[in-house]
Amino acid sequence: MNWDRLNRWSTAISNLALLGGLLLVAVQIRQNTAITRAQLLNDYYLADMQLELAMMGEDPGASFTKAVFDPSALTEYDAAVLDRYFNYGVVQVRRLRQMDELGLAGDGWQNRIEYLRWHLGNDAGRRWWAQTREDELGDGVITAIDSVLAGSDWSDNRALLESIIRSDPAAGR
């Protein structure tokens, strides 16, 4: 009888171990599915950002410089380039927020919003933002960006760039 009892206990323990193993496999499959989903979502945003970069063309700096220093000289081409440049920053924030929601990034998306003060820090950026926010009211990312930009004076670009090109008399120039 001892063998019979030992055999039953051994079978019960084996069955429990098998169930535990199956449970671990199910958890691993679920984790892999979540990681794959996050990777596909990240790839989508990266492809979108690549498209934005491609649509900016060879010299987006020329359009950006006009937006900062001579906004009255902006052309339709410049407007198209700037639209993609400004949108690129918003796509970055959306990507980081999505990765944060999936538990794969910290609160970097909220810090990135602060950078948009620079990204949109000119009159063309202000006008672009006014139109964009109206088109997407109710979107959580737009609301978060809007709250940060609400206090912006929209001249960050010019102030910084002029400080770079201005010569400093104290430095002997």
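Just so you know, these numbers use all the heavy atoms, side chains as well, and skip hydrogens, waters and symmetry mates.
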Show the numbers, then the answer: is there a side-chain contact (heavy atoms from CB on, under 4.5 Å) between Asn122 and Phe69?
CA-CA 9 Å; Asn122 54 65; Phe69 294 105; over 6 Å; no
Residue pair Arg94, Asp139: steps toward the salt bridge (Lys or Arg N to Asp or Glu O under 4.0 Å) verdict
CA-CA 10 Å; Arg94 287 185 189 282; Asp139 180 293; 2.9 Å; yes
Under the side-chain contact (heavy atoms from CB on, under 4.5 Å) criterion, do Thr75 and Lys66 qualify, and how do the steps go?
CA-CA 9 Å; Thr75 65; Lys66 274 192 226 177; 4.1 Å; yes
Candidate pair Tyr44 and Leu40, rule side-chain contact (heavy atoms from CB on, under 4.5 Å), full reasoning
CA-CA 6 Å; Tyr44 163 78; Leu40 289 172; over 6 Å; no
Do Trp118 and Asn157 pass the side-chain contact (heavy atoms from CB on, under 4.5 Å) test, and can you show the C-alpha distance, the side-chain angles, and the key distance before you say yes or no?
CA-CA 6 Å; Trp118 162 260; Asn157 301 143; 3.0 Å; yes
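Across every non-hydrogen atom of Gly57 and Pro60, the tightest pair is O-CD, 3.7 Å. Closest non-hydrogen pair, Asp78 versus Ser63, comes out as OD1-OG, 2.6 Å. Among all heavy-atom pairs drawn from Ala144 and Trp109, the shortest one is CB-CZ3, 4.0 Å. Between Ala124 and Leu74 the shortest heavy-atom distance is CB-CD1, 4.0 Å. Residues Val90 and Trp129 come closest through the heavy atom pair CG2-CZ3, 4.3 Å. Minimum interatomic distance between Leu120 and Trp154 (heavy atoms only, all atoms of both residues): O-CE3, 3.0 Å.
We find the CZ-CG distance between Arg158 and Asp153 to be 12.5 Å, quoted to the nearest 0.5 Å. To the nearest 0.5 Å, atoms CG (Leu102) and CZ (Arg97) are separated by 10.0 Å. From Leu96, atom CG reaches atom CZ of Arg112 across 7.5 Å, with rounding to the nearest 0.5 Å. Residue Arg5 holds its CZ atom at 13.0 Å from CG of Asn7, rounded to the nearest 0.5 Å. Put simply, OG1 on Thr11 and CG on Leu16 are 11.0 Å apart, with the number rounded to the nearest 0.5 Å. The CG atom of Leu19 lies 8.5 Å from the CG atom of Leu23; values are rounded to the nearest 0.5 Å.
Following chains of ILVMFWY side-chain contacts shorter than 4.5 Å, one can reach Ile113 starting from Val141, so the two form part of one hydrophobic cluster. One hydrophobic cluster, built from ILVMFWY side chains closer than 4.5 Å, holds both Val68 and Leu160. Leu161 and Tyr85 fall within a single hydrophobic cluster, where Ile, Leu, Val, Met, Phe, Trp and Tyr are joined by side-chain heavy atoms under 4.5 Å apart, directly or via other members. Hydrophobic clustering of Ile, Leu, Val, Met, Phe, Trp and Tyr side chains at less than 4.5 Å, counting indirect connections, unites Leu46 with Val91. Linking Ile, Leu, Val, Met, Phe, Trp and Tyr whenever their side-chain heavy atoms come within less than 4.5 Å puts Met99 and Tyr88 in one cluster.
Within 6.0 Å of CD in Glu101 there are more than 12 heavy atoms belonging to other residues, nucleotides or ligands. Surrounding OH of Tyr115 are more than 12 heavy atoms belonging to other residues, nucleotides or ligands, all under 6.0 Å away.
Under the 3.5 Å distance criterion, the side-chain polar atoms of Arg117 are matched with a main-chain donor or acceptor of Val148.
Contact of the Leu53 side chain with the Met49 side chain is not registered, since no non-hydrogen atoms from C-beta on lie closer than 4.5 Å.
Residues meeting the side chain to side chain donor-acceptor pair (under 3.5 Å) test with Arg37, sequence neighbours left out: none. Qualifying ring pair (Phe, Tyr, Trp, His ring centres under 6.0 Å) partners for Trp128, counting only residues two or more places apart in sequence or in other chains: Phe86. With sequence neighbours excluded, the residues that form a salt bridge (Lys or Arg N to Asp or Glu O under 4.0 Å) with Asp123 are Arg126, Arg127.
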